[in-house]
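Report on the following structure.
Each chain gets a letter, A, B and so on, in the order the sequences are listed, and its residues count up from 1. The structure presented is a predicted model; accordingly, all values stated were derived computationally and were not measured.
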There are 2 protein chains.
Amino acid sequence: MSETIEFAEFKRVEMKVGKVLEVVRHPGADKLYIVQIDVGGERPLQTVTSLVPYYSEEELMGSEVVVLTNLKPTKMRGERSECMLLCAETPDESQSVLLQPRVPMAPGTPIV
Amino acid sequence: MSETIEFAEFKRVEMKVGKVLEVVRHPGADKLYIVQIDVGGERPLQTVTSLVPYYSEEELMGSEVVVLTNLKPTKMRGERSECMLLCAETPDESQSVLLQPRVPMAPGTPIV
């Protein structure tokens with residue numbers, strides 16, 4: 001078990017419902033997609049995500065997802081990644097499954 | 001938008017797939033359930049959650065949920081709460097919807 005955290009620490013992590021708007025393969029990395037996600041803001045957020053072994057582009061397009069939205073932006077293989085799609089992933093990485101709300105919710109809806 | 005956080009900070013937040021084992025109404029609070037959740041450990045974790053306006057006991061029983069598992073335990077109206085069920089919740093609190101993996105996953109599967 002991890003060290004316990006205070007509620008205030010958890011509240012610093014901003015998560016929202018998102019909707020996948022666009023998916024393209026990363027031109028320089030076999031396992032990576034570059035994905036545009038509507039998270040209810042003025043512009044979509046871009047993520048670089050290693051979901052190629054688990055989902056096709058068609059399966060991702062239009063999906064409801066759960067997104068970590070306030071991660072410090074970074075670059076993955078040269079492409080900007082400014083958020084993260086949350087998945088339930090087995091320790092051996094044989095399965096990685098996206099999270100979703102039980103019923104559809106508007107992009108930008110906060111996770112609490 | 002919240003302040004950005006480092007990946008290391010996000011990794012301190014432990015979230016897992018859970019399965020609801022038991023649901024009872026809190027004897028002293030109209031909106032609270034006391035819920036036992038299998039999160040893959042030796043014993044279930046208990047949470048006190050204000051889901052009464054959104055879900056019946058029957059709807060919660062057996063549900064797959066997403067659980068914050070390393071929150072410092074607290075008491076809510078006298079009952080121990082040692083984890084938290086994550087929901088997508090509208091700012092006006094008219095809707096609060098549990099998160100789940102897109103397909104069933106074993107309790108205890110980490111969220112990454």
Discussion item. Rounded to the nearest 0.5 Å, what separates atom CG in B:L99 from atom CD1 in A:I111?
Written reply: 4.5 Å

Worksheet, complete the sentence: Tightest non-hydrogen contact, residues A:L71 and B:E6, listed as CD1-C, 4.0 Å

Worksheet item: Who wins among B:V103, B:L98, B:T109 for the most heavy-atom pairs under 4.5 Å with chain A?
Response: B:L98

Response to the item:
Whatever's closer than 4.5 Å to a heavy atom in chain A on B:V112 counts as both

Worksheet item: Do B:F7 and A:L45 share a hydrophobic cluster, counting only Ile, Leu, Val, Met, Phe, Trp and Tyr and linking them when any side-chain heavy atoms are less than 4.5 Å apart?
Response: yes

Worksheet, complete the sentence: Here the gap from B:S96 atom OG to A:R102 atom CZ, rounded to the nearest 0.5 Å, amounts to 11.0 Å

Discussion item. Taking every non-hydrogen pair under 4.5 Å, which of B:Q100, B:M15, B:Q95 racks up the most with chain A?
Written reply: B:Q100

Discussion item. Test side-chain contact (heavy atoms from CB on, under 4.5 Å) on A:F10 and B:R12; report intermediate values, then the result.
Written reply: CA-CA 9 Å; A:F10 172 66; B:R12 283 176 47 78; over 6 Å; no

Practice prompt. Counting only heavy atoms closer than 4.5 Å, note whether A:V17 contacts chain B via side chain, backbone, both or neither.
Written response: side chain

Worksheet item: Measuring heavy-atom distances to chain A, does B:L68 have an atom under 4.5 Å in its side chain, in its backbone, in both, or in neither?
Response: side chain

Fill in: Closest approach of B:M105 to A:V97 (non-hydrogen atoms, all atoms of both residues)
SD-CG2, 3.5 Å

Worksheet item: Is B:L51 linked to B:L21 within one hydrophobic cluster, defined over Ile, Leu, Val, Met, Phe, Trp and Tyr using a side-chain heavy-atom separation of less than 4.5 Å?
Response: no

Worksheet item: Could you state the interatomic distance from NZ (A:K72) to CD1 (B:I5), rounded to the nearest 0.5 Å?
Response: 12.0 Å

Practice prompt. Answer yes if B:I34 and B:L86 sit in the same cluster of Ile, Leu, Val, Met, Phe, Trp and Tyr residues linked by side chain heavy atoms under 4.5 Å apart, and no otherwise.
Written response: no

Worksheet item: So if you build clusters from Ile, Leu, Val, Met, Phe, Trp, Tyr with side-chain heavy-atom gaps below 4.5 Å, do A:V20 and A:L32 land together?
Response: no

Practice prompt. Please answer: with hydrophobic residues joined when any side-chain heavy atoms are less than 4.5 Å apart, are B:M76 and B:V35 in the same cluster?
Written response: no

